[in-house]
Amino acid sequence: MEKEIRTATTTEAQLQGEEFKSGVSTSEQEREFRAAPKLDTSPTHGLWALTNRDLKKWYKNPIQLIISLVQPIVWLGLFGKALNFGSFITSAPGVTAAEAAALMKSTFGVTDYFTFLAAGMLAMIILFTAAFSGMSVVFDKRFGFMNKALSTPIGRGSIVIGKVLQSTIRSLIQAGIVLVIAIALDYSAMTAHLSVLGIIGAFTILFLMSFGLSSLFVMLALRSSEWQTQMAIINLLNLPLLFASNALLPVKLMPSWLQAVVKLNPVSYANDATRQLLVGATATNSLAVDFGVMIVFAAALAALGIYLGWKLLQK
Amino acid sequence: MIEVKSLAKSFGKLQAVDNVSFNVMEGEIFGFLGPNGAGKSTTINMLTTLMKPTSGDAIVAGYDIRRHATEVRRNVGVVPQEYTADEDLTGLENILLCADLYGLPRSNARPHAMELLKLVELLDAANRKVSTYSGGMRRRLELACGLINYPRLLFLDEPTLGLDVQTRAAVWKYIRMLKDEYHMTLFLTTHYLEEADSLCERIAIIDHGHVIKIGSPDELKASIGGDVIVVGVTEAEPDLSASLSQLRYVKDVKKTDHEYRIKAENGEEASIQIIDLIRSKGLHATKISLTKPSLDEAYLEFTGRSLREEETTRSQMFSQRITMARARR
């Protein structure tokens with residue numbers, strides 16, 4: 001066995017090359033078992049490998065993706081269509097359609113509720129996907145993979161950012177699908193303000209939101225190996241982050257104390273920007289403020305996540 | 001290869017590892033033997049930098065585990081107790097993932113992965129999902145992953161936990177091969193006496209976080225008083241007890257009617273001398289038996305009890321259950 005490996009013959013190399021189509025060259029096969037190559041010691045080595053591992057598990061099992069899309073579709077298709085604020089206002093005696101539209105515009109920033117909710121749904125699916133990013137940390141701990149990763153020289157920060165990246169990429173793809181569904185459900189209203197630049201801008205701010213939120217949920221999972229605890233954390237944070245934001249209803253309708261909370265919620269800033277960029281909603285903040293807040297949010301939480309990764313992953 | 005100086009780890013009030021010191025020489029198979037909860041895994045976790053020691057120092061593969069943890073990780077291989085491979089990926093994908101985590105260049109990773117899969121005889125199953133693997137195959141895959149970074153030193157935590165006898169023998173074969181043919185140093189933990197006995201050149205018996213005794217299996221056995229030789233003779237007279245006691249290695253002689261019960265250090269050589277002595281006196285030996293003390297007895301002697309199962313934490317239980325369940329597949 002040893003001899004074969006130490007001085008692998010050309011035929012063997014060719015055989016293996018053919019068998020696995022790896023294009024392995026003879027010289028590499030003849031490398032001695034003990035001659036170790038130089039390892040990549042850059043701080044980001046292995047980051048993509050870790051990210052890709054989770055993504056691979058995800059796209060090889062499309063059922064997960066389909067189930068995750070059910071919720072926003074139900075919200076958009078049933079809730080969004082049923083909650084027709086526009087016709088509610090016009091149903092009042094003596095209100096003209098133009099007056100109703102003006103009232104909608106001044107309250108919701110758009111003239112119909114569906115487009116208002118569509119932008120909120122993008123935020124919701126990202127929030128829910130990000131919330132479960134910590135779960136995969138817990139499962140990796142439970143099923144042993146985390147220990148494998150920790151025994152290798154991969155940066156502890158890369159373990160955190162790998163989890164954040166896979167969740168971010170998944171959530172953006174899901175958000176993209178939700179946007180397509182929203183357009184399909186109400187083509188004329190959704191495409192009235194749509195532009196390539198707007199889409200790029202919207203997904204940039206959604207990326208920042210997802211990156212920050214995923215960092216938050218991953219760092220909350222770093223110390224936990226109980227999935228029940230993690231579920232409790234998700235439930236604790238998920239709905240407040242959703243309801244205490246402008247995702248489902250406009251801030252104007254809220255009591256002032258809640259408005260103050262909404263102002264602190266990063267989800268609100270992402271929504272404000274995506275609404276402006278995708279459906280031409282009236283701005284609450286300027287785009288510069290929205291982007292500024294989200295950049296700081298994402299960078300701060302990612303940095304904290306990396307720091308805690310180095311600190312907490314070694315027991 | 002490993003120098004451990006009064007290493008200790010406590011979890012709250014529990015002193016899991018208490019001032020442990022030992023050295024592991026280059027090229028040997030060193031075993032940590034002890035019951036569950038004795039501190040074996042905690043020690044291995046500290047030496048492989050998964051845990052930070054509460055106090056004490058250790059140099060592993062030339063690097064300080066506190067100050068140069070990343071260098072330690074780069075230079076040692078680890079085969080953890082539980083199965084760590086990703087079930088949803090194939091064997092080859094798993095080992096390539098490990099290669100990436102170590103930062104092995106792409107051009108090298110694939111041929112080396114194939115080389116290792118061949119070594120552990122998994123080439124045929126390389127492109128199958130790990131969820132279809134048997135316990136033995138999973139263990140071999142873990143072994144291959146542990147070798148991907150060309151380590152000179154390999155840590156194996158309970159390498160045969162939950163495996164059947166045949167598969168266990170196969171794992172032992174690989175471990176011996178790594179030592180004999182690749183001149184690797186191996187550090188393993190086990191709570192199987194026969195595993196420590198047949199595999200390790202030196203054993204540290206550990207219990208309640210203390211290293212109780214270090215030595216080769218034979219030394220450990222010898223230190224509890226040596227082999228027992230029973231010689232039957234046809235004639236009860238003359239009594240040879242006195243001259244038998246004079247022999248080299250012999251420590252103690254007891255005579256019954258037609259039997260001598262002799263305790264000796266090196267039973268094989270002592271028994272030849274005993275026969276020679278009996279014959280030289282013109283007497284006839286009817287039978288001779290040599291009983292070696294087992295490691296079991298040695299263990300009993302040092303720890304005051306035999307190996308037992310100890311209570312473990314819930315998550316430990318869970319991961320062990322998963323390991324066992326997968327092993328039995």
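All chains are named by letter (A, B, ...) in the order of the sequence lines, taking the proteins before the strands, and each is independently numbered beginning at 1. Everything quoted here is computed from the prediction, not taken from an experiment.
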Chain B contact via A:K60 - which portion, at a heavy-atom distance below 4.5 Å = side chain

Without swapping roles, check the side chain of A:R53 against the backbone of B:D86 for a donor-acceptor pair under 3.5 Å.
-> no

Contact origin within B:L89 toward chain A - heavy atom pairs under 4.5 Å | side chain

Are A:H45 and B:Y102 near enough that their ring centres are under 6.0 Å apart?
-> no

Determine the option with the most heavy-atom pairs under 4.5 angstrom with chain B, choosing from A:K56, A:K141, A:M146.
-> A:K56

When the ring centroid of A:F211 is compared with that of A:F207, is the distance short of 6.0 Å?
-> yes

Distance only, no hydrogens: is a donor on one side chain within 3.5 Å (strictly under) of an acceptor on the other, for B:T189 and B:D157?
-> yes

Hey, is B:D57 close enough to B:R66 for a salt bridge, meaning N to O under 4.0 Å?
-> yes

Heavy-atom contact with chain A under 4.5 Å, split by part of B:E93 | side chain

Please work out which of the three classes, parallel, tilted or perpendicular, describes the rings of B:H68 and B:Y63, given edges at 30° and 60°.
-> perpendicular

Chain B interface, residue from A:P153, A:S151, A:G155 that has the most non-hydrogen pairs under 4.5 Å = A:P153

Which answer fits A:S42, side chain, backbone, both or neither, if we ask what part of it has an atom under 4.5 Å from a heavy atom of chain B?
-> neither

Do you know which of A:I154, A:I159, A:T152, A:L150 has the most heavy-atom pairs under 4.5 Å to chain B?
-> A:T152

